[in-house]
Structures are given as structure tokens and as C-alpha cells.
Novice: 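To start, I am sharing the structure in question, which I have written as C-alpha cells.
Worth knowing before you read on, the calculation uses all heavy atoms, side chains too, and leaves out hydrogens, waters and symmetry mates. Here is the naming used below: chain letters follow the sequence lines, and residue numbers restart at 1 for every chain.
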Amino acid sequence: MSPRAPRSFFRRDPVVLARALLGQRLVRIADDGTRLAGIIVETEAYLGELDRAAHTFGGRRTQRNASMWRDGGHAYVYFTYGMHYCMNVVAELAEKPTAVLLRALEPVEGIDAMRRNRGAAGRPDSHLCSGPAKLCQALAIDRSLDGVDMVESEMLFIEQVRCRNFPKTAIMTGPRIGIGYAQEWIHKPLRFWIGGSGHVSR
DNA sequence: ATGACGATTTACT
DNA sequence: GTAAATCGTCATA
């Protein structure tokens, strides 16, 4: 049983956290007790008030994005496109609204339940969590988990994998997806993934 | 009160 | 590659 990531793991620069989260295990205990888990293989960093792509750009603070303003280690789950949820891991300290979007997982526990949650009978594992909304659907993550403190929660947390089985050189970078409105921030290399994973998005 | 818009996914041409 | 699905959220009034 791996140790849970402590507060200090999350209270870091979002770019550092985005890279550190690769290879770690996201765990969701479903309402019926089923353990759903996957290794994080793709992330994006959102840099807060200066970042045009971030929900907190310009210091925007609303009911929707309130969780981004909380202490590192909280979950920020939002609803978009009228039908999808996406999940972020909040970085740094309270009142510093930066976060890391989880874009893809390699499923490792509760795969049958994930396939059921996704309505993806007969489809390969690589289709279950290969996108930010797909992984939320697979792990039954919705707005009821917005604002959860992952350092304390029994429903949603990160287990630290001590020996990540990929070299640092395997971390690839590229522009973030779906932020065409973000002007000069569009091309910044703030997306990170494990090269050759087979479980990344697209 | 209203209108425009998504940090997406899926199916179809 | 293009388009539809679908509605909470937020800025404007």
C-alpha cells in the first residue's frame, strides 16, 4: 500500500507539480466501496491570474472556480460543454489560484467498473481514461467532489509511487489542448505526458 | 432576464 | 476533417 501524497507534495509551482504527478496513482473510492485507480500519464499546468487559459485569469473568482483559490491538494472539478466534468489538482497555497488539469490515466484498478461507467463494453483499456472528461466519467468524479481535500479525503486522493518506472527523459511537453482563446498562451509548452504511454489523449 | 460560450467527446462524411 | 450534443456559468443589461 503506497503512502498518500502529503500537503507538501501539492504546495509547489504548478509546472513542477504537473511533472511530479506523472506516474502517481489517482484513487477514487466509489459510493459502493469499489476502488477505482489509474496512473496519471498526462497533465496540464494552469498558472493562475496571469494565464489567459486559466479560469482564474485576471483574478476571476466565482462560485464555480472557488476551489482553485484553496490550499494545494484540493480538487477543482468543473462542468463544461453542458455534459462533461474535468478534474484539477490545486497547486501552491491558498489565495494563489494555480492548478493542474488531469488529462489521462492508465487504468489499473476497478477496470470493469470503469468500463461500465463509460458505457464502453468491449472497448480497450486505452479508451477508458484517455481524456480529461473520460477519466472523470470512468472514476465517477462529478461536482459533488469539487473542493474535496485530497490530503484528508477517503473518497478521492493521490497515492505516491516512490519508484516511477520511467526515466525523466520520457516526459514529453507540448501546447495545451482546447484553449484557442488564450492568445499568447496558446503555444506555451504547459502540457506534459509520459512518452510512449499508449493511454494519453487523442 | 438574456445570450454567448466552453480546459470535450463521439459519430459521421 | 467537420459537426452535433447539451446546459451551467458568467458578463451584460
Novice: For the pair made of OH in A:Y85 and C1' in C:dA5, what is the distance, rounded to whole Å?
Specialist: 15 Å
Novice: Quick one: closest heavy-atom pair of A:V161 and A:Q24, and the distance?
Specialist: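 Smallest heavy-atom distance, with atoms named: N-OE1, 2.6 Å.
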Novice: Does a side-chain N-to-carboxylate-O contact under 4.0 Å join A:R61 and A:E95?
Specialist: yes
Novice: Looking at B:dA7, B:dT10, B:dT9, which one has an atom nearest to any side-chain atom of A:H84?
Specialist: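 Among the listed nucleotides, the one closest to the side chain of A:H84 is B:dT9.
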Novice: Mind calculating the distance between CD1 (A:I177) and P (B:dT9) to the nearest angstrom?
Specialist: 10 Å
Novice: Rounded to the nearest Å, what distance is computed from the CD1 atom of residue A:I179 to the P atom of nucleotide B:dA7?
Specialist: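 So the CD1-P distance, A:I179 to B:dA7, works out to 10 Å.
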Novice: Using atom types as modelled and distance alone, determine if a side-chain donor or acceptor of A:R115 lies under 3.5 Å from a backbone N or O of A:A121.
Specialist: no
Novice: What's A:R118 touching, base or sugar-phosphate or nothing? Going by heavy atoms closer than 4.0 Å.
Specialist: sugar-phosphate
Novice: Would you mind telling me which residue lines up with the more 5' stretch of DNA chain B, A:G178 or A:H127, judged by nearest nucleotide?
Specialist: A:G178
Novice: Of all the choices, B:dT10, B:dT8, B:dA7, which nucleotide is nearest to the side chain of A:R123 once you look at every atom?
Specialist: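 Of the candidates, B:dT10 comes closest.
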Novice: Give none if C:dG1 has no partner; otherwise give the nucleotide forming a Watson-Crick or G-U wobble pair with it, both distances under 3.5 Å.
Specialist: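 Across all strands, the one nucleotide that pairs with C:dG1 is B:dC12.
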Novice: Do we see a donor-acceptor contact under 3.5 Å between the side chains of A:E42 and A:S201?
Specialist: yes
Novice: Between atom NZ in A:K134 and atom P in B:dT9, what is the gap in whole Å?
Specialist: 6 Å
Novice: Under a 4.0 Å N-O cut-off, is there an ion pair linking A:E159 with A:R35?
Specialist: yes
Novice: With a 3.5 angstrom cut-off on both distances, give the Watson-Crick or G-U wobble partner of C:dT9, or none if there isn't one.
Specialist: B:dA4
Novice: Once you round it to whole Å, what is the distance between P of B:dT8 and CG of A:L135?
Specialist: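 Distance, rounded to whole Å: 12 Å.
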Novice: Is any NZ, NE, NH1 or NH2 atom of the basic residue among A:E154 and A:R4 found under 4.0 Å from an Asp or Glu carboxylate oxygen of the other?
Specialist: yes
Novice: Write down the atom of A:P107, the atom of A:L128, and the distance for their closest heavy-atom approach.
Specialist: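 Of all heavy-atom pairs spanning A:P107 and A:L128, the closest is CG-CB, 4.2 Å.
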Novice: What nucleic acid atoms does A:L101 come within less than 4.0 Å of, heavy atoms only: base, sugar-phosphate, or nothing?
Specialist: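 It contacts base atoms.
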Novice: A:R202 CZ to B:dT10 C1': how many Å, rounded?
Specialist: 13 Å
Novice: Determine the contact category for A:M87: base if any of its heavy atoms lies under 4.0 Å from a base atom, sugar-phosphate if only primed atoms, P, OP1 or OP2 are that close, otherwise nothing.
Specialist: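 Touches nothing.
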Novice: Scan nucleotides 6-13 of chain C nucleotide by nucleotide, 5' to 3', and note B when protein non-hydrogen atoms come under 4.0 Å of the base, S if they reach only the sugar-phosphate, - if neither.
Specialist: BBSSSS--
Novice: Can you tell whether the side chains of A:K96 and A:D13 come within less than 4.0 Å, N to carboxylate O?
Specialist: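 Not counted as a salt bridge, because no side-chain N and carboxylate O are separated by less than 4.0 Å.
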Novice: Less than 5.5 Å between centroids and less than 30° between ring planes, does A:Y181 satisfy that with B:dG6?
Specialist: no
Novice: If I take atom CG in residue A:L47 and atom P in nucleotide B:dA7, what distance separates them, rounded to the nearest angstrom?
Specialist: 15 Å
Novice: Output the rounded distance in Å from CG (A:N117) to C1' (B:dT9).
Specialist: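 My rounded result for the distance is 16 Å.
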Novice: Under 4.0 Å: is that the gap between some side-chain N or O of A:Y76 and OP1 or OP2 of B:dA7?
Specialist: no
Novice: So what does A:A133 hit on the nucleic acid, given a heavy-atom distance under 4.0 Å: a base, only sugar-phosphate, or nothing?
Specialist: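 Result for A:A133 = sugar-phosphate.
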